K.L.:
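Sending over a structure as structure tokens; questions will come in a sec.
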Number of protein chains: 2
Amino acid sequence: MATTRRQLPPRPETAARRREILAAALETFGAKGYNNGPLAEIAEQVGMTHAGILHHFGSKDRLLVEVLRYRDESDVEGIEGQHIPDGIELFRHLIRTAFANEQRPGIVQAYAVLSAESVTNANPGREYFEDRYRVLRGEVVAAFRAMCAERGLEEPAQVDRAAASILAVMDGLQVQWLLDPTQVELAETSAFAIEAIALQALDPRPSPFDQGS
Amino acid sequence: MATTRRQLPPRPETAARRREILAAALETFGAKGYNNGPLAEIAEQVGMTHAGILHHFGSKDRLLVEVLRYRDESDVEGIEGQHIPDGIELFRHLIRTAFANEQRPGIVQAYAVLSAESVTNANPGREYFEDRYRVLRGEVVAAFRAMCAERGLEEPAQVDRAAASILAVMDGLQVQWLLDPTQVELAETSAFAIEAIALQALDPRPSPFDQGS
DNA sequence: AGTAACTTACAATGCTGTCAGTAAGTAGCA
DNA sequence: TGCTACTTACTGACAGCATTGTAAGTTACT
């Protein structure tokens with residue numbers, strides 16, 4: 001009754017076509033946000049109709065999720081080989097990323113817009129960003145631990161806070177830089193702040209704000 | 001030909017009604033973003049139709065601009081008297097603000113969502129956020145200068161970067177905190193990062209990342 | 001022969017903004 | 001004080017557009 005061949009594998013060019021769509025979607029969502037970025041505009045960029053995109057991805061929500069994963073992959077491929085850098089190398093990697101980001105405002109904007117949009121009600125990207133920040137914070141914490149071990153220091157009390165802070169400055173600076181690139185040096189400022197936070201975590205000094213008039 | 005009485009002043013209750021609308025709009029835009037937050041939902045909160053809101057504000061764009069200004073005012077009124085704190089007091093004020101923000105996630109979300117959304121194409125809030133960051137950076141820079149003068153230090157090289165970084169961490173931490181409040185302590189972490197950055201600006205130590213394997 | 005990769009057409013919805021009308025207030029004046 | 005003229009503060013209806021998703025059909029691969 002049931003024939004055996006129920007599903008055919010996708011055609012060879014299809015994977016490339018999907019990647020084209022993902023790149024176009026990243027551009028449109030980056031420029032206009034998820035809610036304000038229509039499928040039709042994405043379709044036009046790749047020479048299709050919006051129905052063609054829905055054929056590949058099923059719904060706009062699922063497209064967003066795949067776009068976010070795609071951005072991750074292309075990031076990892078582009079910047080470094082495969083491995084996750086550890087210890088001091090992770091911090092250097094973050095700073096290099098900030099310098100690389102200065103050359104790709106489109107990606108930066110997509111990331112800034114979509115991450116903030118994800119905190120709104122029932123946004124399909126929310127889970128992705130929750131996971132992403134959790135993973136990244138974990139990597140930074142691990143890097144701190146590795147540095148301490150290497151130097152024979154005990155683990156400082158504030159690693160968790162320092163990890164969150166480092167990711168936070170990078171993101172926050174991106175927004176300010178996108179708003180006015182003439183007023184904010186993205187990379188240099190990121191490097192400065194990452195160093196400041198790492199130093200205070202590894203070798204704390206007393207707060208300058210605590211008491212006194 | 002032309003009679004003299006051309007425009008009547010608004011009725012006494014009108015100002016209060018407008019404020020109600022602004023508060024409702026802040027809530028809706030905060031929850032759903034500007035593009036995704038319909039006028040009808042705002043209208044419902046204050047017991048009106050969306051046409052009534054357009055009567056008061058003319059267009060959705062102008063409503064957003066007024067919402068942003070309204071948030072500023074209510075912030076200034078609520079937190080402190082009138083004056084802009086200077087020197088060390090500004091930093092203390094920023095940290096207090098971070099603690100206060102932990103009690104008002106709605107406002108924080110509105111701010112995070114709308115500021116990121118403002119970097120998208122032709123967003124009506126963009127100018128507001130450009131100005132706001134410029135002004136805030138200026139205030140932080142002035143506070144650094146005041147602190148240096150008081151202590152007889154010369155102005156450090158990195159004040160501009162430190163100022164941008166401090167605002168950036170605060171914003172970035174808000175996003176992470178909104179995504180998962182169980183994993184990020186907004187206020188304590190903000191305080192830690194602000195101190196770290198201020199210390200490095202006022203009394204720099206060499207970068208731990210510069211050379212060596 | 002069957003399915004992937006589309007297109008065209010369309011249904012269904014949601015949104016902003018306009019328009020005409022209504023009730024209620026206010027100003028000017030007898 | 002009361003009448004008239006005009007304005008504010010709305011409502012309800014609707015035009016007009018944009019947008020997502022579906023369904024049916026076509027082409028071309030395998």
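Order of the sequence lines sets the chain letters (A, B, ...), proteins ahead of strands, with each chain counted from 1. Note that the structure is a prediction, hence the values are computed from the model and not measured.
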K.L.:
Write down the distance between CD (B:Glu41) and P (C:dT13), rounded to a whole number of angstrom.
P.N.:
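Spelled out: CD on B:Glu41 to P on C:dT13 is 19 Å.
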K.L.:
Atom CZ of B:Phe29 to atom P of C:dC15: distance rounded to whole Å?
P.N.:
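Rounded to the whole Å, the gap is 12 Å.
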K.L.:
Are the side chain of B:Lys32 and the backbone N or O of B:Pro38 linked by a donor-acceptor pair below 3.5 Å?
P.N.:
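Answer holds: no.
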K.L.:
Whole angstrom is fine here: how far is it from CD1 in B:Ile53 over to P in C:dT18?
P.N.:
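Going from CD1 in B:Ile53 over to P in C:dT18 covers 15 Å.
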K.L.:
Provide the full list of ring pair (Phe, Tyr, Trp, His ring centres under 6.0 Å) pairs with a residue in residues 102-121 of chain B, sequence neighbours left out, each pair given once.
P.N.:
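Sorted pair list: B:Tyr111-B:Phe129.
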K.L.:
Would you be so kind as to tabulate the donor-acceptor pairs closer than 3.5 Å made by side chains of residues 160-168 of chain B, with sequence neighbours excluded?
P.N.:
| from | atom 1 | to | atom 2 | distance (Å) |
| --- | --- | --- | --- | --- |
| B:Arg161 | NE | A:Glu185 | OE1 | 2.9 |
| B:Arg161 | NH1 | B:Gln158 | OE1 | 3.0 |
| B:Arg161 | NH2 | A:Glu185 | OE1 | 3.0 |
| B:Ser165 | OG | B:Arg161 | O | 2.7 |

K.L.:
Return the polar atom pairs (N/O with N/O) between nucleotides 18-20 of chain D and the protein under 3.5 Å, or none.
P.N.:
| from | atom 1 | to | atom 2 | distance (Å) |
| --- | --- | --- | --- | --- |
| D:dT20 | OP1 | A:Lys60 | NZ | 2.8 |
| D:dT20 | OP2 | A:Leu39 | N | 3.1 |

K.L.:
Answer yes when B:Arg134 and B:Asp131 have at least one side-chain N-carboxylate O distance shorter than 4.0 Å, and no when they do not.
P.N.:
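Salt bridge present between B:Arg134 and B:Asp131.
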K.L.:
How long is the line joining CG of B:Leu63 and P of C:dG17, in whole Å?
P.N.:
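My rounded result for the distance is 10 Å.
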K.L.:
Please assess A:Glu130 against A:Arg126 for the test salt bridge (charged side-chain N to carboxylate O under 4.0 Å, His left out), listing each intermediate value before the final yes or no.
P.N.:
CA-CA 6 Å; A:Glu130 278 179 29; A:Arg126 174 158 193 152; 2.9 Å; yes
K.L.:
A:Ile42 versus A:Leu63: any side-chain heavy-atom pair under 4.5 Å?
P.N.:
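Sidechains of A:Leu63 and A:Ile42: in contact.
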K.L.:
Is any side-chain N or O of A:Thr49 closer than 4.0 Å to OP1 or OP2 of C:dT7?
P.N.:
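Checking C:dT7 against A:Thr49, a side-chain N or O does come within under 4.0 Å of OP1 or OP2.
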K.L.:
Write down the distance between NE2 (B:His55) and C1' (D:dG12), rounded to a whole number of angstrom.
P.N.:
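Taking NE2 of B:His55 and C1' of D:dG12, I get 16 Å after rounding.
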K.L.:
Between B:Arg17 and D:dT8, is there a side-chain N or O to OP1/OP2 distance below 4.0 Å?
P.N.:
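No.
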K.L.:
Separation of A:Glu44 atom CD from C:dT7 atom P, in whole Å?
P.N.:
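It works out to 13 Å between those atoms.
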K.L.:
Return yes if a side-chain donor-acceptor contact under 3.5 Å exists between A:Asn35 and A:Glu117, otherwise no.
P.N.:
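There is such a pair (donor and acceptor under 3.5 Å, judged by atom type) between the side chains of A:Asn35 and A:Glu117.
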K.L.:
Just the rounded figure in Å: distance from P of D:dG21 to CG of A:Asp61.
P.N.:
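Distance, rounded to whole Å: 7 Å.
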K.L.:
From C-beta outward on A:Ala51, which listed nucleotide comes closest to its side chain: D:dA9, C:dC6, D:dA23?
P.N.:
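Closest nucleotide among those given: D:dA23.
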K.L.:
What integer distance in Å separates B:Glu13:CD from C:dA23:P?
P.N.:
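My rounded result for the distance is 18 Å.
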